[in-house]
Each structure stands twice: as structure tokens, then as C-alpha cells.
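For reference, the structure discussed in these notes is given below.
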Amino acid sequence: KEIRGYYVEAGVHVLPESCRTGRLEESDLVLFVRYSEVDTQFEVGTGVVKNPAGDRQQFTTGFTFFFTPSLVFKGDVQIRNDDRKGDLPALVNFGLGWEF
């Protein structure tokens with residue numbers, strides 16, 4: 001019936017201006033952290049048993065490197081947990097994005 005959740009995220013630009021020369025003139029490096037909680041079964045219908053795997057918490061930290069404003073490389077680590085016994089395995093993610 002109803003899902004409830006939120007996230008909080010903060011990032012900081014850390015690439016010094018002295019590195020932004022030549023091919024890297026438009027580049028940037030952003031470090032970020034994010035915390036999120038979501039309960040996919042916050043409200044369930046009558047007769048439905050709530051699954052504790054639906055109540056999840058996640059901490060993510062990573063970076064975004066902008067080669068140019070339209071070409072980016074991202075990486076992060078996600079530490080995840082839910083209300084079942086034992087933590088979920090951590091995830092390592094990488095991605096490449098571009099705007100055309």
C-alpha cells in the first residue's frame with residue numbers, strides 16, 4: 001500500500017584549480033556520502049505478513065570524476081542492511097556516463 005523512506009546526501013568538490021589545465025581544463029572531482037532508509041512494506045494490506053527484508057538501510061560513499069561537463073566516471077561502495085538477521089553483502093559499483 002504505502003512505501004516510506006528518505007535519504008540524506010552531501011558532496012564536496014575537491015579538485016584543485018591547479019589541476020584544471022590542458023585536457024582537464026573542464027574537469028572536476030566530487031566526493032560524496034549518502035544515507036538512506038526505505039520501508040517498502042511500511043503499510044501492507046489486511047492479511048499480508050510484512051517481510052523484514054523490505055525495511056532497508058544503506059550507506060553509500062564514493063566519487064564522481066567529470067572529465068568534461070558531459071563525460072563522467074563514477075564509483076561507490078554501498079553498505080546495506082535490512083531487518084532480517086545478518087547484513088547484506090556490500091556492493092562496489094562503477095559507471096560511465098555521457099550526455100550527447
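Keep in mind the model is a prediction, meaning the values are calculated, not measured.
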* Asked: If you round to the nearest 0.5 Å, how far is CG of Leu71 from CZ of Phe65?
  -> 9.5 Å
* **Side-chain touch Thr68/Ser27, heavy atoms, less than 4.5 angstrom** => no
* To do: State yes or no: do Leu96 and Val30 share one hydrophobic cluster built from I, L, V, M, F, W and Y residues joined by side-chain heavy-atom distances below 4.5 Å, directly or via other members?
  => no
* CD on Glu25 to SG on Cys19, rounded to 0.5 Å -> 13.5 Å
* Asked: Can you name the residues that form a side chain to side chain donor-acceptor pair (under 3.5 Å) with Arg34, not counting sequence neighbours?
  -> Glu9
* Structure fact -> Distance col, row Thr61:OG1 vs Ile79:CD1, nearest 0.5 angstrom, shows 8.5 Å
* Between Leu29 and Leu24, is there a shared hydrophobic cluster once you connect ILVMFWY residues whose side-chain heavy atoms come closer than 4.5 Å? -> yes
* Asked: Does the side-chain contact (heavy atoms from CB on, under 4.5 Å) test come out yes or no for Asp76 and Phe32, once each step is laid out?
  -> CA-CA 9 Å; Asp76 65 48; Phe32 70 90; 4.0 Å; yes
* **Path from Trp98 to Phe66 over hydrophobic side-chain contacts below 4.5 Å** => no
* Asked: Quick one: CG on Asp82 to CZ on Arg56, what's the gap to the nearest 0.5 Å?
  -> 7.0 Å
* Asked: Which residues pass the side chain to side chain donor-acceptor pair (under 3.5 Å) test with Asp28, sequence neighbours left out?
  -> His13, Arg20
* Asked: When you look at Asp55 and Gln57, which way does the side-chain contact (heavy atoms from CB on, under 4.5 Å) test go after all the steps?
  -> CA-CA 7 Å; Asp55 193 0; Gln57 305 82 40; 3.7 Å; yes
* Asked: With a 4.5 Å limit on heavy-atom distance, are the side chains of Tyr35 and Thr60 in contact?
  -> no
* Shared ILVMFWY cluster between Leu91 and Val38, side chains joined below 4.5 angstrom? -> no
* Partner set under side chain to side chain donor-acceptor pair (under 3.5 Å) for Tyr7, not counting sequence neighbours -> none
* State plainly whether one hydrophobic cluster holds both Val72 and Phe94, where clusters connect Ile, Leu, Val, Met, Phe, Trp and Tyr through side-chain heavy atoms under 4.5 angstrom apart. => no
* To do: May I ask you to check whether Phe63 and Phe73 place their ring centres under 6.0 Å from each other?
  => yes
